Amino acid sequence: MRFARNPNNRSGDYLEGMLSDYVGGKAKVKATKTGCTWLVTALTCLQLAFAVYATILLYYMSPSVELRTKPEFTWATRIARNMKQFIIPPHVHGRYQEAASLITAEIFSPITPSQVCEHERIDFMQKKSSDVQMIKLKRELYDEILDFQSKTIGTETLSELMAMKSQWDMRGPNRPKVTVLLNHFKRKTLCSQLDSLLQQSLPFHQVWVLSFGSPNEHSLKRIVESYNDSRISFISSSYDFKYYGRFQMALQTEADLVYIVDDDMIPGKKMLQILSHVAGIEKYKNSALGSIGRILPFRQKDFTFPSYRKFRSKEAGLYLPDPAYDITVQKIVQVDFLSSSWFLSAELVKALFIETPSTFMTGEDLHLSYQLQKYRNAGSFVLPVDLTDKETWGDSEHRLAYVSETTVIFKDIVQVRDDQWWRALSTGYVTQWAAMYPQKIDALFYAHSVDEVKALAPLLEKFRSSVGKKAYIVVSGGNFCPCEDAAAALNWPKSVCKERRFKIFDLQVGALSRASNSEVPVLQAVYSSLKGLIKIHNPSVIITVTDIDPNVKKALKMASETNVNGTALVLLPRSSVSKVLWMADLRSTALQNWNRMRISVNIITQSRAPSLTRLLKSLSDAYYTGDEIPVSFNMDSKVDEATIKLVDSFEWLHGPKTLRRRIIQGGLIRAVSESWYPTSDDDFGLLLEDDIEVSPYYYLWIKYALLAYHYDPQVSLPELSSISLYTPRLVEVVKERPRWNPTEFFNRIHPNTPYLHQLPCSWGAVFFPKHWREFYVYMNMRFTEDAKANPVQIPKSRTNGWQASWKKFLFDMMYLRGYVSLYPNFPNQASFSTNHMEPGAHISAKDNVVRHDKADFEVPLLIEDFRTLLPNGKLPPASKLPSLNLFNQPVSLKGLKAAGAKLGQDVLPCNNATEIVTVDHITGLPQQCSKFI
């Protein structure tokens, strides 16, 4: 140890002098030098002893040390005790030592649950309703739901469920791992929940206690630590993740199943075993299971839906189980959403986050069940209980729901939740009401933009204004097509977007996918929503525009194909929407067959390029309905170069184009009869010679007539073999060929009624597949080079002498078997096709001047919508169509058959005048003679 020199210290100088003398070896100072060394040594030892003593003294004088419990260090202890009295007064020392002892105990002593647990005080009875009417209404609704589910999906009691085979073995190696998530905020139930979980008949894998933004975080943490169980973890955050945070945490588990439990639920000791067993049953694997659920509102008599909290209303739905109304769950019941607890696989939890919730403040329970059904086809079920065994209950103390606070009773929260479930129902959530009462509507319109809403508006309005018709519109919503803008485009009040009434459905697809550059979110959202809406409303058709976004079109197509009852996707060109208002006049059963028919255009041409150019232009300029329409060109061997180049360069936008050319000249009979042959019973052939021109409405007439008279299951008209585009002005089968005007002829019925005529048309007609096959066989059996050798001679018909006409054989077959064609009938014989009477196989000319009077054959084309000209603005019922024989005389369909039977010249001899030949419609071969009705 070094000492600092002090100039006033004379003893220091003296010591220094003695040391110098000693070093110098002076004998006279030897005795003095020995005494000084001893003094230095003594001082050094004293200093060291003091340091040791001071250290010990400081330790034992510490307020945190209880001297009585330490070994007696005699003098040090006694001194320390005496010194403490002077250094720290007794009253201060006592308080300080007490606090220090508590801190030390907290650090070093174990905490037990009994020291830190708190419990909710429940000093009231379970609420019970005394409202007899409400009890009756609730019970009736519950019984109706159970009865429906027992007949459709089947319901089981708890004992029946536990007897069913499960993939999980509760006692073997295949025991499931279950992670339990307990979300806590203010309620004092954590200890009760942990005690119950620790006593479960099926041990849990892990328990995660979650505290998000809770003011009780510290006490919750102490409770978890007091259980001293490595399987129980505490997870906290100062940020409040609200009701969705626990589900986000559930995604992190590696367990097979997760059990998410609210802080007001104390599960019975058998719950994990029961839940795991049921979750392993094949029927319920893809499900969310729980102990409490809700049935959402039913539709009221005014066609609106009430609030789920509406008082004294049966339609407000159910809360299950509901002790207030003595409603218990003794059979498993499917609900619209679960509350308070959810048991499912972690994989299913992912569905909760496919769509962004409308709010994170509430509604996670509904959103989960809605998303599970929408994207995973998964149901939500409340498990039954054994009323005699409280350990099977998932909610052993229901009164906890009334302790502290709950979000579902405040007015603003009720409104939010009402808006939420209505949005779910509007976007395809099949609630129990929807399952029990499937709807049937005629049309569901879909618009992805406001412009598409405007394009579809005329047809939508026609459907909605037609008696007995139901039609709604679905809009994409969000930034694609805001509901309010769509309503304005339809001249509807914007309030329709908020009303709980079926009219307009806002999918909010734009809000869902606005941050994505991928088409997947749009396709997925449209498909999943439309699939649900189709299941709920069962539309006959989904109507949209042809040029809609391709991905949306795919989604609509996939959704329409999910309906087992049949929903046709109708893709209309915008220009045609206002021209097909007749769709609203068809029965729903007919509309469903919109896409069944396949109409092909078959053109017979030779060497009339200018005529063909005119025909092709009229075909290209016509209105269509989005169907695929194949076109074929049938050319004989002597076709000229101009025609070949024309058909080669022609672009047909509505389907495939086929070119056929004969090697050997076949003539008109072969050219026409071999131009088309049906590939199925839904394949229809339109035959057009190149000097024909068609109206812009020709295809719409064909489509409308086929749907009304051939594809309506409620219509039976087997005699109809073709649909004519042309209205004749002459009675061509008699020698005099007098003029004839159907408008005047049918004036007493209706001047513009369509009619049935036993007259085939070669100037623009669609032929039916079954009858065309029949015609092929008939012509093959009756074809002769010499017309006089033909055994069929229709009395007084000039067709008997026709030799080079394929139509002569069709005349004969139709007469013998009572077949008819449908003919249009409009003022001045305006038609959907006309013949320009240009020189050809049947039109003779000298020096290129036609010998026939064009006025007798050329008719004006309809260039305005024909619908308004029809009786009452629509095609009349099939039973109201007048029918004419070959000679333009009114004869019933039965009378036409009788005339053919009377002639008796068919390919099979029928001995009875009440029989006609019937054929196999697949081969066209005659089978037998059958009585006609």
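Everything numeric in this text was worked out from a predicted model, so none of it was measured.
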If we only count heavy atoms from C-beta on, is the [X] to [Y] side-chain gap below 4.5 Å?
| X | Y | result |
| --- | --- | --- |
| Tyr815 | Val733 | no |
| Leu881 | Pro876 | yes |
| Asp712 | Thr589 | yes |
| Trp701 | Leu862 | no |
| Lys874 | Leu586 | no |
| Leu884 | Phe746 | yes |
| Met781 | Pro926 | yes |
| Leu896 | Glu719 | no |

Please find the pair of heavy atoms, one from [X] and one from [Y], that lie closest to each other, and give the distance.
| X | Y | result |
| --- | --- | --- |
| Leu730 | Arg737 | CD2-O, 3.6 Å |
| Met597 | Leu706 | SD-CD1, 3.7 Å |
| Leu720 | Phe768 | O-CD2, 3.2 Å |
| Ser540 | Lys440 | OG-NZ, 3.1 Å |
| Asn790 | Arg782 | ND2-O, 4.1 Å |

What distance do [X] atom [atom1] and [Y] atom [atom2] have between them, rounded to the nearest 0.5 Å?
| X | Y | atom1 | atom2 | answer |
| --- | --- | --- | --- | --- |
| Ile663 | Asp636 | CD1 | CG | 11.5 Å |
| Arg817 | Asp812 | CZ | CG | 10.5 Å |
| Glu651 | Lys657 | CD | NZ | 8.0 Å |
| Met814 | Leu886 | CE | CG | 8.5 Å |
| Gln606 | Ser637 | CD | OG | 7.0 Å |

Revision key, fill the gap. When Leu861, Val766, Leu725 are each screened for side chain to side chain contact (heavy atoms under 4.5 Å, CB included) with Tyr698, the one that passes is Leu725

Exercise: do [X] and [Y] side chains pair donor with acceptor under 3.5 Å:
| X | Y | result |
| --- | --- | --- |
| Ser611 | Asp691 | no |
| Ser821 | Ser722 | yes |
| Ser607 | Thr643 | no |
| Lys897 | Thr914 | no |
| Gln927 | Thr918 | no |
| Asn825 | Thr743 | yes |

Give a yes or no answer on whether the side chain of [X] reaches the backbone of [Y] with a donor-acceptor pair at less than 3.5 Å.
| X | Y | answer |
| --- | --- | --- |
| Lys703 | Trp594 | yes |
| Asn595 | Leu569 | yes |
| Thr727 | Ser831 | no |

Would [X] and [Y] count as a close aromatic pair, with their ring centres under 6.0 Å?
| X | Y | answer |
| --- | --- | --- |
| Phe684 | Phe767 | no |
| Phe775 | Trp772 | yes |
| Phe783 | Phe809 | yes |
| Tyr697 | Trp582 | no |
| Tyr755 | Phe745 | no |

So does [X] pair up with [Y], basic N to acidic O under 4.0 Å?
| X | Y | answer |
| --- | --- | --- |
| Asp681 | Arg596 | no |
| Arg773 | Asp920 | no |
| Glu674 | Arg660 | no |
| Glu561 | Lys557 | yes |

